[in-house]
Every structure is written in C-alpha cells, then in structure tokens.
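Scroll down for the structure; my scribbles are underneath it.
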Protein chains: 2
Amino acid sequence: MRKDKRRRLERAGWTVGDAGDFLRLSDDERRFIETKLALAAGLRQWREHLGLTQTQVAERFGSSQSRVAKMEAADQTVSTDLLLRSLFRLGASRRDVARLLSQRPRTRAA
Amino acid sequence: MRKDKRRRLERAGWTVGDAGDFLRLSDDERRFIETKLALAAGLRQWREHLGLTQTQVAERFGSSQSRVAKMEAADQTVSTDLLLRSLFRLGASRRDVARLLSQRPRTRAA
DNA sequence: GGAGTGTATGTCAGTTCAGACATACATGCA
DNA sequence: TGCATGTATGTCTGAACTGACATACACTCC
C-alpha cells in the first residue's frame, strides 16, 4: 500500500490548507512543499519589489493573471519548474533563489 | 532521431552540449538550465555518496532505472520538480539544495 | 451604490511529464 | 570470449501541468 499511496499523494500534491495535514507529511514531502512555498512567496516579494501587478507580470511572461496568482499561492497545479522559471524571468539569480530555499520556512496562515 | 531530438530541444528553447549554442540563450533561460544541471549533478553526487546504484535509487523512489539515468543526465523529459523531489527523497535538506544552486556552474564536456 | 483596479478560484483543451519497458552501451572478470 | 553489473537511450500511455477564459472577491474612490 505504502508505495502506491505515497506516490499518488505526491503526484496529486497534498491535501490543502490545514496545518494538521501539513504535519502528517513525510520529511521529504515536507521539504519539497516548503521549497515550493518559499519559491512562491519569493516570487510575490520579487514582483512587489519591482512594483508590478500580477497582470503586468503575466504579460511579461506571456501568461495570464490567474496563473500568476496561482503561482504566488503555490497552487497544486503549479510546478516548482514554473516557479523557478518565473523567478528567473523576473531577474532573480541562482543565488537569489538559493537564498529563498535556505530560509526558514514561514508559518503560513491555515 | 536527430530530427526528433532537435525539434524537442528547440521547443524547449535549449540546445544541449555545445557551448556556442549554450551562449545564445537568454539570461533567464541560462539560469534555469544551469539550475537544472546543478540539481542533476547534485543528484548523482548524492547517490554516489550514498553508495547506491541507479537501480537501487529507482526502487527506493518507486521509479525505474532509466528515469534515474535521465534525471542525472538532466534529460529534457525531466523537470526540476522531479529533481528536487528526488534530492529530498535521498535525504538532502533545503539548505543542501540551496548550496547546489548557488555554486558556480561547471563547464561541461561538449 | 457603482466603477475601477488588483487578486483569487474554477474549469477546459492542448502540451508536457512520469514511470515502464525494451534495448543498447560500457566495464570488469572468469 | 561470454557473462554480470551498471548506466544510457528510445518510446509508449496515463497523469500532471500550462495558459486561457470566466468569474468571484476585496478594496478604494467618487
């Protein structure tokens, strides 16, 4: 059961929102999710720092405002791949991204 | 196969192997690819450090040896998402990953 | 209240990715 | 040479992701 279930869980992302669920994740899942949250938060910071709206960023990316919103919300339909590309497109360096990753995870509102 | 591969590379906006082509990438693309290469190289290092074969890692992941080989080769069909998950599953911390990202990119054999 | 601006959420169709399998290549050793 | 072990490459199918669009929510100003 484990392997299948685990894989399915990882595939599907995670059950959303609630700290209880969050804490039931295995260590590697937790690290992955923290990474994703850190990138998402970083993207928002970066955008705000540039003084851009989500719509403006979307135009720059050739994407849509809704997708940018989902990125910043670390939505399940958004991959870290997209988050990384987006940060880089906004001018972040690999080192900037590394900094985001090594930061302590912020507790997030449930 | 050449043609297919070529097409795939172009679609991804990426030509592997040759420094000249490499340099034609835009900065953000370059940073993204360097990131991917760094994660792939890191994964290999990590695995070798653990003294595991690709097959063993594949079993641990519930994946296949070929997929692990492609991960370490930074194959086009492998996302940074998968690379990150894999590193975490092998026990890397976010900080370890961050370290990989901030390292200078290795010049790779053309 | 209503209009304007910025952000969030739900869904869909087309594309990309994941694991699986076959198979090729490389190296070591009897 | 033949065989074992480890790694690389090609390709298929089902699952996940992406951008697009519609629409809802939140806030401000008039």
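Quick note on labels: first sequence line is chain A, next is B, and so on, each numbered from 1.
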Among the nucleotides [options], which one has an atom lying closest to any side-chain atom of [X]?
| X | options | answer |
| --- | --- | --- |
| B:Glu72 | D:dA8, C:dA8, D:dA20 | D:dA8 |
| A:Arg67 | D:dT18, C:dA8, D:dA8 | D:dT18 |
| A:Ser66 | C:dT9, D:dA8, C:dA8 | C:dT9 |
| A:Ser79 | D:dT18, C:dA22, D:dT7 | D:dT18 |
| A:Thr77 | C:dG10, D:dA8, D:dT18 | D:dT18 |

Requested in this report: Ignoring hydrogens and angles, state whether a donor on the side chain of A:Arg89 or B:Ser26 is under 3.5 Å from an acceptor on the partner side chain.
Outcome: no
Taking [atom1] from [X] and [atom2] from [N], how many angstroms apart are they, rounded to a whole number?
| X | N | atom1 | atom2 | result |
| --- | --- | --- | --- | --- |
| A:Leu82 | C:dT16 | CG | P | 14 Å |
| B:Gln76 | D:dT11 | CD | C1' | 16 Å |
| A:Asp81 | C:dC17 | CG | P | 7 Å |
| A:Met71 | D:dC17 | CE | P | 14 Å |
| B:Arg60 | C:dG19 | CZ | P | 16 Å |
| A:Gln65 | D:dC21 | CD | P | 13 Å |
| B:Asp75 | C:dG19 | CG | P | 13 Å |
| A:Arg89 | D:dT18 | CZ | C1' | 11 Å |

**Report entry** Side-chain donor/acceptor contact of A:Lys70 with base of D:dG19 under 3.5 Å
**Finding:**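 Counting by modelled atom types and ignoring angles, no donor-acceptor contact under 3.5 Å is found here.
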Query raised in the report: With a 4.0 Å cut-off on heavy atoms, is B:Val68 in touch with a base, just the backbone sugar-phosphate, or nothing at all?
Result: nothing
Query - Sole residue of A:Leu37, A:Val78, A:Val97 in side-chain contact (heavy atoms from CB on, under 4.5 Å) with A:Leu83 - result: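 Among the candidates, only A:Val78 passes.
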Report task. Check whether any side-chain N or O of A:Arg31 sits under 3.5 Å from a backbone N or O of B:Ser93 as a donor-acceptor pair, and report yes or no. Result -> no
Requested in this report: Ignoring hydrogens and angles, tell me if any N or O in the side chain of A:Glu72 forms a donor-acceptor pair with the backbone of A:Ala69 under 3.5 Å.
Outcome: no
Query raised in the report: Between A:Ser102 and B:Arg99, is a side-chain hydrogen bond (donor to acceptor under 3.5 Å, both in side chains) present by the stated rule, with each step listed?
Result: CA-CA 8 Å; A:Ser102 50; B:Arg99 238 189 310 274; over 6 Å; no
